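Here is the structure we will look at.
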Protein chains: 2
Amino acid sequence: MPPEGKKPGYHHGDLRNALLAAGEAELAQSGLAGFSLRKVAARAGVSHSAPAHHFGDLAGLIDALAVRGFDQLLAKMQAREATAPDDAGERLVASGLGYLEFAAAHPAVFRLVFGTPMRANSSADLRAGAARAYDHLAALVASLPGAPGADDPALRAEVMGYWAQAHGFAELLLSGHICGDAGARIDDQARETLFREAFSRRRSGAATR
Amino acid sequence: MPPEGKKPGYHHGDLRNALLAAGEAELAQSGLAGFSLRKVAARAGVSHSAPAHHFGDLAGLIDALAVRGFDQLLAKMQAREATAPDDAGERLVASGLGYLEFAAAHPAVFRLVFGTPMRANSSADLRAGAARAYDHLAALVASLPGAPGADDPALRAEVMGYWAQAHGFAELLLSGHICGDAGARIDDQARETLFREAFSRRRSGAATR
DNA sequence: ATAACATCTGGACAGCGTCAACATAAACTA
DNA sequence: TAGTTTATGTTGACGCTGTCCAGATGTTAT
């Protein structure tokens, strides 16, 4: 059995990771529209059906890219949180801004991550990635003053509300439905102001509950 | 020149509308994944390249379906509003529930509508459809007590906040990320409760501002 | 009647995902 | 060490896809 994709020594050495990197490069350059297994293989310098041995089929590659995308999304949220002042509310807002930042920086990956519905047939890896992201957000929300406790079922509703708020902004941004007065693309500053207001709106609603 | 797709009299009579109907049927039955121009043509009983004369290419058909999708979405919102009590806040919540209802009932159409980014190269019809939906929501939000006036630039931020909240729920629902405790698909009742709470949360936040 | 036009068909082409047969390199076994 | 099994990658084929092009057919205008 191979050392599970670490050091070289095989035909290619680490084709699995090379294909994932090629896939991300392809997504970044050409978007999700013309995404093709053959192009990814060509970019990695292997034959058109080499990926099959590592991912089974196209859905398998997409699934693996979605797993990585979830982790990258979570990382961006955490990176942005690290720059926030030491306040639960500020950290939550920063996390949401990281969410938007990732969606704007990697639109194709973002759409790919949420394009494949999480169903029972989704890979365990993908479900684990989604769970990691959810758990992180849930911990953030639970740390808000006056928030439901970690084992309170009301926490789930609370978390989904914040998630939906951030996710909706991200999707509408990518769909081009959030724009300035003249219909031009919104800039980063305006995007942040808009989002910050919406999030604190929710927060003050929770406080007066 | 033909009477622009009304009464029969041509080879097929009203192929454009027939193709749109076939497209929607195809989306409803097989989803967005294997959607194909040739299948739509076959379903309408014409040759594989007949659609080109009405929509140019695949993107043209998708664009036209998105225009109809926007109108259907708006219609669902309005239908749901009509069942609400005569109160601005209740109408807004009902509108959002209509939004979710449409997404759940026609997931493929919903994803198609928001999958094609609104850009400068989008058809005028599509932008007009989006504007109709936005204007309707904006009127609803403006009618809330204490809301910014119709010409106040702050109204735009307010509207986008509500839209993002509803849209995020819809997308997360379709992505399978909103589920019950056991991970099972959430039922209609629970979905409504969740959404109603999130929306009124935003409302009370606005009131205490 | 004749011309111009809109509409639809059928064939061709390259690119796609997937499959099966084969080749090669590594790892295991005896 | 020698032989076998497994993992990895290549090649060629298949049917399906979107798009283009040449032609056929029906409608409208002159």
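All of these numbers come straight from a predicted model, not from anything done at the bench. First the proteins, then the strands, lettered A, B, ... as listed; each starts at 1.
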side-chain contact (heavy atoms from CB on, under 4.5 Å) partners for [X], two or more places apart:
{"X": "A41(B)", "value": "V46(B), P51(B)"}
{"X": "A138(B)", "value": "Y134(B), V159(B)"}
{"X": "D152(A)", "value": "P148(A), A154(A)"}
{"X": "S47(A)", "value": "S49(A), A50(A)"}

Could you check how far [atom1] of [X] sits from [atom2] of [N], rounded to whole Å?
{"X": "I62(A)", "N": "dC16(C)", "atom1": "CD1", "atom2": "P", "answer": "14 Å"}
{"X": "D57(B)", "N": "dC20(D)", "atom1": "CG", "atom2": "P", "answer": "7 Å"}
{"X": "D14(A)", "N": "dT8(D)", "atom1": "CG", "atom2": "P", "answer": "11 Å"}
{"X": "L61(B)", "N": "dT17(D)", "atom1": "CG", "atom2": "P", "answer": "14 Å"}
{"X": "H54(B)", "N": "dC5(C)", "atom1": "NE2", "atom2": "C1'", "answer": "14 Å"}
{"X": "L19(B)", "N": "dT7(C)", "atom1": "CG", "atom2": "C1'", "answer": "12 Å"}

Of the non-hydrogen atoms in R191(A) and I186(A), which two are nearest, and what is the gap between them?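 Closest approach of R191(A) to I186(A), heavy atoms only: N-CD1, 4.0 Å.
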Five-pair end axes of the helix from dA1(C)-dT30(D) to dA30(C)-dT1(D), angle between them (10°):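 Comparing the first five pairs with the last five, the axes sit 10° apart.
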Scan for salt bridge (Lys or Arg N to Asp or Glu O under 4.0 Å) pairs involving residues 37-49 of chain B, sequence neighbours excluded, and state none if there are none.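 Sorted pair list: E26(B)-R43(B).
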Tell me the salt bridge (Lys or Arg N to Asp or Glu O under 4.0 Å) pairs involving residues 64-83 of chain A, sequence neighbours left out?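 Salt bridge (Lys or Arg N to Asp or Glu O under 4.0 Å) check on residues 64-83 of chain A returns E24(A)-R68(A), D71(A)-R132(A), K76(A)-E101(A), R80(A)-E101(A), R80(A)-E192(A).
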First locate atom CG of L144(B), then atom CD of E158(B), and finally report the distance between them rounded to the nearest 0.5 Å.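 The CG atom of L144(B) sits 7.5 Å away from the CD atom of E158(B).
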Interface residues of residues 26-41 of chain A with DNA chain C (non-hydrogen, below 4.0 angstrom):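 Close to the strand are S36(A), L37(A), R38(A), K39(A).
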Could you go through residues 165-176 of chain A and list every donor-acceptor pair under 3.5 Å that involves a side-chain atom there, pairing it with any protein atom two or more places apart or in another chain?
| from | atom 1 | to | atom 2 | distance (Å) |
| --- | --- | --- | --- | --- |
| Q165(A) | OE1 | R202(B) | NH1 | 3.0 |
| Q165(A) | NE2 | G161(B) | O | 3.2 |
| H167(A) | ND1 | Y99(A) | OH | 2.8 |
| H167(A) | NE2 | E171(A) | OE2 | 3.4 |
| E171(A) | OE1 | R111(A) | NE | 3.4 |
| E171(A) | OE1 | R111(A) | NH2 | 2.5 |
| S175(A) | OG | R111(A) | NH2 | 3.2 |
| S175(A) | OG | E171(A) | O | 2.8 |
| S175(A) | OG | F114(B) | O | 3.1 |

Sequence-distant partners of D57(B), side chain to side chain donor-acceptor pair (under 3.5 Å), two or more places apart: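 For D57(B), no residue satisfies side chain to side chain donor-acceptor pair (under 3.5 Å) once neighbours in sequence are set aside.
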Can you list the residues that meet the ring pair (Phe, Tyr, Trp, His ring centres under 6.0 Å) rule with F35(B), with sequence neighbours excluded?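 Applying ring pair (Phe, Tyr, Trp, His ring centres under 6.0 Å) to F35(B) gives none.
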So if I take residues 44-53 of chain B and measure heavy-atom distances to DNA chain D, which residues fall below 4.0 Å?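 Listed by number, they are H48(B), S49(B).
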